[in-house]
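First the structure, in the form of structure tokens, and then the observations on it.
We name chains A, B, ... by the order of the sequence lines, and we start the count at 1 in each one. What's counted below: heavy atoms across the whole structure, side chains too, no hydrogens, waters or symmetry copies. Just so it is clear, the structure is predicted and the values come from calculations on it, not from any experiment.
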Amino acid sequence: MDIKDGKTVKGINFVDIRDAGNPVELAKKYVEQKADELVFLDITATIENRTTLIELVKKIAKEINIPFTVGGGINSVQDVSKLIQAGADKVSINSSAVKNPKLISEISKEFGNQCVVVAIDTKFIDDEWRVFVHGGRTATELKTVDWAKQAEQFGAGEILLTSMNNDGTKQGFDIDITNKVSSAVNIPVIASGGAGQKEDFKNVFEQTSATGALAASIFHFGEIPIPELKQYLKNNKINIR
Amino acid sequence: MIAIIKYNAGNISSVKNALNRLGYNSIITDNANEILNADKVIFPGVGEAGSAMQYLKERGLDKVILSVKQPVLGICLGLQLMCNFSEEGNTECLGVFDTQVKLFPPKEIVPHMGWNNFSSIKAALFNGINANADVYYVHSFYAEICENTIATCDYILPFSAALQKNNFYATQFHPEKSGDIGEQILKNFLEL
């Protein structure tokens with residue numbers, strides 16, 4: 001769930017953002033539907049909104065009984081500490097990790113590497129996969145696979161890999177970069193961006209080493225109910241909860 | 001009143017939240033009297049074994065935990081600290097369960113993180129739970145199977161998913177994060 005001013009929103013290719021409802025209510029619905037984990041990303045992440053986010057995390061932690069990750073605007077171990085105390089199980093860092101990779105080790109040393117998700121937004125440009133920061137607005141020089149490996153070395157416990165080319169398009173996860181990253185590292189990789197049909201989940205699990213797949217729009221707007229998706233994957237011999 | 005042992009381990013509030021959802025009051029405490037007088041004691045934790053044991057010893061909590069007569073439930077690091085010894089920081093632990101805690105060999109992704117099943121031998125803790133139910137794990141170290149093992153899980157190798165000896169219970173997985181199944185396990189413990 002992308003969170004803006006305490007509400008769930010969803011964009012296409014990281015823009016054209018529309019409202020998708022109350023995050024606590026959505027979270028409860030997903031728990032009932034047996035989602036395995038939830039991810040909340042504060043896409044505004046301004047200083048004024050931090051208090052709103054912490055309050056939201058507390059509410060979510062009270063209501064749900066499955067693991068959840070919170071990200072957006074985390075720049076220090078103190079920021080992480082506040083979110084963990086509010087009840088988050090993991091934190092996701094993105095731009096701040098690119099700017100200062102040591103932050104990954106600092107957080108992992110303090111809270112354990114299981115707690116540190118490094119989110120990577122990537123786009124295929126000039127014949128290569130490159131890392132983007134600041135909510136996908138700024139290109140970096142980093143090559144995606146290299147950065148994923150570095151993040152692992154710095155102590156990341158998990159990689160949340162979003163293909164910006166695919167995000168919100170419902171054309172399927174990007175098999176190419178998901179495969180490259182998930183074979184290059186020995187930590188869980190969550191594929192994100194582009195889920196539109198049940199087959200997309202089957203493909204990403206069959207064709208890459210991703211351990212998880214994340215989707216937003218198709219769940220928020222009820223296009224694919226989670227129980228139906230899980231049954232489909234089970235029928236296709238994919239080992240899921 | 002349920003006592004949740006307070007020590008330098010992360011995200012203890014999630015256990016408190018889970019107890020609230022089940023309608024139980026709890027306190028997070030490192031006070032010996034509060035722990036010894038509680039109806040049930042929960043020993044949670046995600047953290048590092050060496051520094052966690054040191055913290056417990058400095059406050060005399062190691063002896064307090066061992067002298068509790070009511071049911072005690074160790075979760076994750078709590079389970080590991082209730083074993084004899086942990087390879088994590090080469091730590092002498094509480095020695096409730098007669099087994100060792102070892103680091104997973106790096107044959108697959110470590111930590112073992114996510115949903116996985118457990119096969120349970122008949123135990124009160126698992127009343128009403130189907131065989132091979134999925135629960136949530138996050139750990140890099142595991143307790144070897146021993147005579148106190150009441151449930152096993154197989155990841156890289158078979159290990160103790162749950163242990164019990166007298167009034168001491170422990171789960172490697174996180175019941176407070178394991179959806180309905182986890183809630184049932186917590187409820188079973190609270191109703192012991």
Side-chain angles (χ1 to χ4, degrees), chain A residues 28 30-38 57-70 80-91 107-117 152 155-159 182-183 185-190 209-212 230 234 239-241, chain B residues 8-22 28 44-49 51-52 76-77 88 104-118 132-141 154-156 173-187:
Chain A
K28 282 163 72 177
Y30 292 147
V31 171
E32 279 166 28
Q33 294 190 343
K34 297 250 186 312
D36 293 323
E37 296 196 34
L38 300 175
V57 170
K58 282 186 189 164
K59 276 185 204 154
I60 293 164
K62 283 201 175 83
E63 297 282 352
I64 73 167
N65 57 15
I66 61 167
F68 70 101
T69 302
V70 181
V80 175
S81 182
K82 280 181 198 158
L83 290 168
I84 300 278
Q85 277 170 27
D89 296 291
K90 308 179 196 175
V91 293
I107 301 170
S108 117
K109 206 173 161 200
E110 185 78 20
F111 303 98
N113 62 355
Q114 83 293 332
C115 176
V116 193
V117 180
E152 180 184 26
E158 195 168 291
I159 289 183
S182 61
S183 346
V185 298
N186 202 28
I187 50 178
V189 173
I190 313 299
S209 306
T211 54
K230 288 197 154 195
K234 276 181 190 163
N239 184 14
I240 55 154
R241 173 187 170 224
Chain B
N8 57 339
N11 209 353
I12 287 177
S13 62
S14 61
V15 174
K16 191 171 171 59
N17 283 331
L19 297 180
N20 281 345
R21 286 192 294 269
L22 289 166
I28 297 176
V46 170
E48 196 273 323
S51 60
C76 193
L77 181 64
E88 190 177 26
F104 276 120
K107 285 182 187 157
E108 282 183 57
I109 292 169
V110 175
H112 173 215
M113 179 159 66
W115 295 85
N116 204 343
N117 59 10
F118 69 96
N132 288 319
D134 278 325
V135 286
Y136 189 77
Y137 293 86
V138 183
H139 61 127
S140 301
F141 292 79
D154 194 344
Y155 183 78
I156 301 180
F173 53 85
H174 288 267
E176 77 281 15
K177 287 285 160 186
S178 297
D180 297 346
I181 304 284
E183 274 186 4
Q184 182 64 47
I185 294 170
L186 281 176
K187 198 161 171 279

For this session: Please name the pair of heavy atoms, one in Ser13(B) and one in Ile84(A), separated by the smallest distance, quoted to 0.1 Å.
Result: OG-O, 4.4 Å
Exercise. What heavy-atom pair brings Trp115(B) and Asp36(A) nearest, and what distance separates the two atoms?
Worked result: NE1-O, 2.9 Å
Seminar exercise, completed: Note: vs chain A, highest number of non-hydrogen pairs under 4.5 angstrom among Met113(B), His139(B), Glu108(B) is Met113(B)
Any side-chain heavy-atom pair of [X] and [Y] under 4.5 Å:
X: Ile240(A); Y: Asp134(B); result: no
X: Ser14(B); Y: Phe68(A); result: no
X: Asp89(A); Y: Lys177(B); result: yes
X: Pro111(B); Y: Asn113(A); result: yes

Exercise. Pick from Gly112(A), Ala61(A), Gly212(A): which one has the most heavy-atom pairs with chain B under 4.5 Å?
Worked result: Ala61(A)
For this session: Specify which of Lys62(A), Lys34(A), Glu158(A) makes the most heavy-atom pairs with chain B at under 4.5 Å.
Result: Lys62(A)
Seminar exercise, completed: Applying a strict 4.5 Å limit to non-hydrogen atoms, the region of Glu183(B) in contact with chain A is side chain
Exercise. Side chain, backbone, both or neither: which part of Asn117(B) has a non-hydrogen atom closer than 4.5 Å to chain A?
Worked result: neither
For this session: Determine, step by step, whether Asp180(B) and Asn65(A) satisfy the side chain to side chain contact (heavy atoms under 4.5 Å, CB included) criterion, reporting the C-alpha distance in whole Å, the side-chain angles of both residues, the deciding distance to 0.1 Å, and the verdict.
Result: CA-CA 8 Å; Asp180(B) 297 346; Asn65(A) 57 15; 4.2 Å; yes
With a 4.5 angstrom heavy-atom cut-off, is it the side chain or the backbone of [X] that approaches chain B, or both, or neither?
X: Glu63(A); result: backbone
X: Ser81(A); result: neither
X: Asn239(A); result: neither

Seminar exercise, completed: CD1 of Ile109(B) to OG1 of Thr211(A), rounded to nearest 0.5 Å, is 5.5 Å
Problem set entry | Approximate separation, where rounding is to 0.5 Å, of Lys109(A) NZ and Glu48(B) CD | 11.0 Å
Problem set entry | Donor-acceptor contact below 3.5 Å, side chain Arg241(A) vs main chain Val135(B) | no
